2 protein chains.
Amino acid sequence: MVLSKACTYGVLASLYVAKQSENKSYVSIRDMSNELRISFHFLTKILQKLTAEGILQSHKGPKGGILLAREARNITILDVVLAIDGDKVFTECVLGLPGCGSERPCPMHNHWITVREDLREMFSTKTLAATSDDIRELGLRLSIE
Amino acid sequence: MVLSKACTYGVLASLYVAKQSENKSYVSIRDMSNELRISFHFLTKILQKLTAEGILQSHKGPKGGILLAREARNITILDVVLAIDGDKVFTECVLGLPGCGSERPCPMHNHWITVREDLREMFSTKTLAATSDDIRELGLRLSIE
DNA sequence: CAAATAAAAGACTCTTTTATCTTAAATTAA
DNA sequence: TTAATTTAAGATAAAAGAGTCTTTTATTTG
Ligand code: SF4
Ligand code: SF4
């Protein structure tokens, strides 16, 4: 798996929040966990991390929940991925070897870094706004149902 | 991590065996585990799988060990990856969603399948022969040392 | 044949990831 | 100001991945 489970949940949740963000009210984690079919407490932890990283803002108490901390068009999926999984995927060797690299590349290296960069590019060119808009237009579901 | 630890070990071991394959004698797993700095018993398990999958052949007893079951130029790194990790990486959705796909793609889908295919291409165009030759020429190490 | 060697097989341990459960803290609204 | 609501925090549990250890089986060689 390229992204951890926690990370894919974080991306799906971020897209869900972006989608709901016309209504200015906070998005309930409980509702979201029901709709996305993600364990409430597990999701809560992931969102706490996104809140700590400044991607989401949260509010306790009745009518509380979460919101995007910035505008959806200023948050990329890469931001979410980096907040949860870090940059391991974009820096690691595909063979798991430490200490080698561009100076003395193996035959895999040059191809590998293009794949790696393409992956990063993919995440960095998609904003939450654009992606959730497209998902809505195309009618794609964010969960199993 | 794109490949499991077991899978990267399997690739490194296969390349090691390919490199040693001028000497017609069996390659000792013990020696290999020492040189590659991989736990002997863990490596043994991985190699058993490669043997079961018809990529390696083994021989018990004194002077025993393992050999490539086919010629090194007829085994690709993809063969080794598929034998150990299966085709998950090349078939899974990057967002972990089941049931959606090309019929109703999300904005990520089209880019994702090119990345996925590029990854597969990378593994499938490298044979053990070519890769181990290149590694030898370039003096790349297969382990931490 | 007996002893030594080396892979095969399987039980077991440790770590990380994923998931659940409980309690605490903050906020709202009656 | 009290009760209800909702996120925060942290302990615990289950599952998967990674690694270790022991016993068995096959083979070679003296
Ligand atoms: S040179 Fe090869 S082994 Fe080294 S980091 Fe690059 S891909 Fe990995
Ligand atoms: S359409 Fe999007 S969510 Fe569905 S499989 Fe493709 S990348 Fe994954």
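A, B, ... follow the sequence lines: proteins, then strands. Residue 1 opens every chain. From a predicted model like this one, the values you see are computed outputs, not experimental measurements.
Residue T44(B) places no side-chain N or O under 4.0 Å from the OP1 or OP2 atom of dA7(C). Taking side-chain N and O atoms only, Y26(B) has no distance below 4.0 Å to OP1 or OP2 of dA7(C). Here Y9(A) reaches the OP1 or OP2 of dA19(C): one of its side-chain N or O atoms lies under 4.0 Å away.
Side-chain proximity of H59(A) to the nucleotides dT28(C), dA8(D), dA7(C) is greatest for dT28(C). The side chain of H41(B) sits closest to dT20(D) out of dT7(D), dT20(D), dA4(C). For S4(B), the listed nucleotide lying nearest its side chain is dA18(D); candidates were dT18(C), dA18(D), dA8(D). Checked against dT7(D), dA19(C), dT27(D), the side chain of P62(B) finds its nearest nucleotide in dT27(D). Distances from the side chain of F42(B) to the nucleotides dA7(C), dT7(D), dT20(D) place dT20(D) closest. You'll find that the side chain of I29(A) is closest to dT7(D), out of dT18(C), dT7(D), dA8(C).
Between I38(B) atom CD1 and dG19(D) atom P there is a gap of 9 Å when expressed in whole angstrom units. One can place NZ of K60(A) at 11 Å from P of dT7(D), the figure rounded to the nearest angstrom. If you take NZ of K63(B) and P of dG30(D), they are 10 Å apart, rounded to a whole angstrom.
The aromatic rings of H59(B) and Y26(B) sit parallel, their planes meeting at an angle under 30°, below the 60° perpendicular limit.
Both L3(B) and T51(A) lie near DNA chain D, and the one whose nearest nucleotide falls closer to the 5' end is T51(A).
The two residues R73(B) and T127(B) make their nearest non-hydrogen contact at O-CG2, 3.5 Å.
When the side-chain hydrogen bond (donor to acceptor under 3.5 Å, both in side chains) test is applied to D133(A), the partners found at least two apart in sequence or on another chain are R136(A). Residues forming a side-chain hydrogen bond (donor to acceptor under 3.5 Å, both in side chains) with S33(A) (at least two apart in sequence, or on another chain): none.
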Side chain to side chain contact (heavy atoms under 4.5 Å, CB included), that's the test. Do V11(A) and Y16(A) meet it? Break it down for me. CA-CA 9 Å; V11(A) 172; Y16(A) 181 91; over 6 Å; no

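Put simply, the side chain of K88(A) gets close to the backbone of D85(A): a donor and an acceptor are under 3.5 Å apart.
In the hydrophobic clustering of ILVMFWY residues, with side-chain heavy atoms under 4.5 Å counting as a link, L12(A) and L67(A) come out apart.
Five base pairs at each end of the helix from dC1(C)-dG30(D) to dA30(C)-dT1(D) define two local axes, and these are offset by 0° (rounded to 10°).
Below the 3.5 angstrom threshold, one finds no donor paired with an acceptor across the side chain of K45(A) and the base of dT18(C).
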